[in-house]
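Let me begin by presenting the structure, written as structure tokens, before commenting on it.
Atom set for the values below is all heavy atoms of this structure, side chains included, hydrogens, waters and symmetry mates excluded.
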Number of protein chains: 2
Amino acid sequence: MAAMSSNTSNKGSFKHDLFAQFARVGKALSNGNRLELLEFLAQGERGVDELARVSGLSVANTSQHLQQLRQAGLVLSRKDGLKVYYRLSGDDVITLLGALRGVAERHVADVERLVNSYLTVKDDLEPIPRDELLGRVKHDLVTVLDVRPPEEYAAGHVPGAVNVPLDKLEQYLLALDPQQEIVAYCRGPHCVLAFDAVARLREKGLKARRMQDGFPEWKQAGLPVEEGE
Amino acid sequence: MAAMSSNTSNKGSFKHDLFAQFARVGKALSNGNRLELLEFLAQGERGVDELARVSGLSVANTSQHLQQLRQAGLVLSRKDGLKVYYRLSGDDVITLLGALRGVAERHVADVERLVNSYLTVKDDLEPIPRDELLGRVKHDLVTVLDVRPPEEYAAGHVPGAVNVPLDKLEQYLLALDPQQEIVAYCRGPHCVLAFDAVARLREKGLKARRMQDGFPEWKQAGLPVEEGE
DNA sequence: CTTCTATTCAAATGATTTATTGAATAATTG
DNA sequence: CAATTATTCAATAAATCATTTGAATAGAAG
């Protein structure tokens, strides 16, 4: 694409080209839709149609964004029969996404405002650390709620977690012990589903918190993972 | 700026806004000039004029880019008298930059091609790890070369390093012991100055290598730093 | 108070990007 | 082999971005 410096004595051009390459990765991260696709892919391999459905984009549009992510070296694709499956090109991409979120969280005032406006009482919603959760799950002290769609749940989830997509939350609510603490998680530290679930549960007077981060981080931390229905 | 979802039931909009905020950080990283400014700022506080000089941009243009970086929460500014000084907003920005470089290095084929085309013999230029270097410096086994401009050197450098800007390299060469190994470093893992210095030294038959990463990483790793002339 | 300097703002232009649409490709199925 | 399906390519208009230019601001020095 960009012309490459043809001789080694042209330092300025080399420098320019090099930063341009880095910028290409940055450019891939400069669009909300692509970030959403990446967060989704952080859970594992996905087909184009799935990605289009979850992101609310057209298939063609999704495909274009995926192309850009591939050119930036962030995702890889694999063709199996009719379908093309995409996945992150490595764990360092998860690291990169985490770093991006971290900076945005800590420094972008608007993010805080957004989160605060969404969650009426922030302190009550302090996330629970992963390792602390694992201990409590073993002793059956908490109910862990996986609010992601069934397909994602099947691909891997926190051991003992119950899969309750948001639209079925109301029904499930009735069956819960009001004393039992509930911990909800979904895709990543900022996945809206978990925020939303906790907010709704608390409305009903239940003790609910978010899990720190989400499933991709859980998996990357090397904690146990359960698969299947 | 962007309209905020006013009620909690509007999930799509909240999600969209949230990713848009993350994308703003990504957008700040999507331009080569801004990345260069960030790399430069990773060494410490700098004035607008300095930044403009080193990046080769006009002052007005530099100011605009700095504005964008500030809006994304990546840099902070401080006014002292006539001048305005910019700095990174936190160490997590260095982490982010490192993650970005890492992904770009590992996955973008063009970067590798670029680096390879610049360095004729790649294997001979394998960088030396930081901790290994520290030990050897203490025993005077290597000469450490800081090829950055004098101002940057004065702001902080690896203990025992000699400041030899590239344009004075030729003169300095003659005074060197051909048996002594030389390790060169500059701003970051991809700073061209160090590549260039090593390439030139090797041309003259000297044993030269790059230091792993650059000074910002050295500093962040908590290794000792020397200041002044 | 006036002049000078460093920086920022504002407007304009040319270049990219995004999302949409419809056509093209490639592998499966009947 | 034709029909079907999933995906990608190509072309478009609307939106956004990068850079340049010249003017405006704010503090320092005379």
Side-chain angles (χ1 to χ4, degrees), chain A residues 1-3 16 19-38 40-41 45-72 74-87 151, chain B residues 1-3 12 16-17 19-38 40-41 45-72 74-87 151:
Chain A
M1 172 180 303
H16 182 270
F19 278 113
Q21 296 300 335
F22 293 155
R24 213 156 86 177
V25 178
K27 203 165 287 179
L29 303 172
S30 72
N31 177 275
N33 290 325
R34 280 195 291 270
L35 287 175
E36 191 176 355
L37 291 174
L38 285 173
F40 200 66
L41 285 172
E45 211 175 49
R46 291 286 182 277
V48 177
D49 58 329
E50 268 182 282
L51 291 165
R53 216 176 318 124
V54 82
S55 63
L57 299 171
S58 73
V59 175
N61 199 356
T62 304
S63 176
Q64 302 238 53
H65 282 301
L66 289 169
Q67 268 353 324
Q68 276 185 261
L69 291 173
R70 178 163 51 192
Q71 277 175 23
L74 293 169
V75 306
L76 298 172
S77 64
R78 173 180 70 84
K79 191 158 192 176
D80 182 29
L82 274 185
K83 297 174 78 77
V84 175
Y85 294 94
Y86 283 84
R87 65 182 184 282
E151 318 107 48
Chain B
M1 172 180 300
H16 181 269
D17 286 353
F19 278 112
Q21 295 301 336
F22 294 155
R24 212 155 85 177
V25 178
K27 203 165 288 179
L29 303 173
S30 72
N31 177 278
N33 290 325
R34 281 195 291 270
L35 287 175
E36 192 175 355
L37 290 174
L38 286 173
F40 200 66
L41 285 172
E45 211 175 49
R46 291 285 182 280
V48 178
D49 57 329
E50 268 181 283
L51 292 165
R53 215 176 319 124
V54 82
S55 63
L57 300 171
S58 73
V59 175
N61 200 355
T62 304
S63 176
Q64 301 246 55
H65 282 301
L66 288 170
Q67 244 35 290
Q68 276 185 262
L69 291 174
R70 179 164 49 194
Q71 277 176 24
L74 293 169
V75 305
L76 298 172
S77 65
R78 172 180 73 84
K79 191 160 193 175
D80 182 29
L82 276 184
K83 297 174 77 77
V84 174
Y85 294 93
Y86 283 83
R87 65 182 184 281
E151 319 106 49

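- Separating the NZ atom of K83(A) from the C1' atom of dA6(D) is a distance of 7 Å, rounded to the nearest angstrom.
- For dT19(D), the OP1/OP2 oxygens have a side-chain nitrogen or oxygen of H65(B) closer than 4.0 Å.
- If you check every strand for non-hydrogen atoms under 4.0 Å, E50(B) touches nothing.
- Among dA26(D), dA18(D), dC9(C), the nucleotide with an atom closest to any side-chain atom of A60(B) is dC9(C).
- Atom CG in D80(A) sits roughly 12 Å away from atom C1' in dT28(C) (whole-Å rounding).
- Residue order along DNA chain C, read from the 5' end via each residue's closest nucleotide, puts V59(B) first among N61(A) and V59(B).
- In this structure, the CG atom of L35(B) is 15 Å from the C1' atom of dA18(D), given to the nearest Å.
- Note on Q67(A): every side-chain N or O is 4.0 Å or more away from OP1 and OP2 of dT7(D).
- Distance L29(B) CG to dC17(D) C1': 16 Å, rounded to the nearest Å.
- Nucleic acid contact class of R70(A) (heavy atoms, under 4.0 Å, all strands): none.
- Nearest nucleotide to the side chain of L82(B), out of dT7(C), dG27(D), dT5(D): dG27(D).
- Y85(A) and G47(A) get closest at one heavy-atom pair: CD2-N, 3.8 Å.
- If you measure from atom NZ of K79(B) to atom P of dT8(C), you get 7 Å, rounded to the nearest angstrom.
- Going from atom CZ of R53(A) over to atom C1' of dT7(D) covers 15 Å, rounded to whole Å.
- Among all heavy-atom pairs drawn from Q68(B) and R34(B), the shortest one is OE1-NH1, 3.1 Å.
- In this structure, L37(A) atom CG and dT18(C) atom C1' are separated by 14 Å, rounded to whole Å.
- Contact annotation: N31(A) reaches the phosphate of dT18(C) (side-chain N/O to OP1 or OP2, under 4.0 Å).
- At dA6(D), none of the side-chain N or O atoms of Y86(A) fall inside 4.0 Å of OP1 or OP2 (strictly under the cut-off).
- Nearest nucleotide to the side chain of V48(B), out of dT8(C), dA28(D), dC17(D): dT8(C).
- Scanning both residues, A72(A) and R24(A), for their nearest heavy atoms gives CB-O, 3.8 Å.
- If you take CD on E50(B) and CG on L41(B), they are separated by 9.5 Å, rounding to the nearest 0.5 Å.
- If you measure from atom CZ of R78(A) to atom P of dT7(D), you get 12 Å, rounded to the nearest angstrom.
- Rounding to the nearest 0.5 Å gives a distance of 9.0 Å between CG of L37(A) and CZ of F19(B).
- Not a single donor-acceptor contact under 3.5 angstrom links the side-chain atoms of Q64(A) to the base of dT17(C).
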